[in-house]
Amino acid sequence: MTAPRWIIHLPTTLTSQDVATDLAAALRDSLAHVAAFDFGETTLSEEDAQHLRHRVWCDIRLEGGQRCRLRDGHSGSCGTTGEG
């Protein structure tokens, strides 16, 4: 049995899902060197509806163990470069 993982909920003052997604992408890019973060699992929710989460990235595992870096619901093939 593996130990449970802990989730950090980090509220923001942002009022747009698109802007929150951009911030998540900026955090992923600037903190990618920290192995403790699993940015592929990033979700967003409204403050008063935290039970309703929106996945940010596709999260498909690619060859070599990397994750797809494209937005959830993207068209075309998965990849490691592209939109946030």
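Annotation: side chain of R55 is in contact with side chain of E41 (closest heavy-atom distance under 4.5 Å). Contact check for L31 versus F39: side-chain heavy atoms found under the 4.5 Å cut-off. Counting heavy atoms from C-beta on, the side chains of L62 and R69 never come closer than 4.5 Å.
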Discussion item. Please determine whether side chain to side chain contact (heavy atoms under 4.5 Å, CB included) holds for the pair D72 and D59, giving the CA-CA distance in whole Å, both sets of side-chain angles, and the decisive distance to 0.1 Å.
Written reply: CA-CA 8 Å; D72 189 46; D59 196 35; over 6 Å; no
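For the atom pair D48 CG and Q50 CD, the distance stands at 8.0 Å (nearest 0.5 Å). Atom OG of S77 sits about 12.0 Å away from atom CD1 of I60, to the nearest 0.5 Å.
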List the atom pairs, with distances to 0.1 Å, where a side-chain N or O of residues 3-25 and a protein N or O form a donor-acceptor pair under 3.5 Å, not counting sequence neighbours.
residue	atom	partner	partner atom	Å
R5	NH1	D38	OD2	3.4
H9	ND1	R53	NH2	3.4
T12	OG1	L14	N	3.2
S16	OG	D18	N	3.3
S16	OG	V19	N	3.3
T21	OG1	Q17	O	2.9
D22	OD1	R71	NH2	3.4

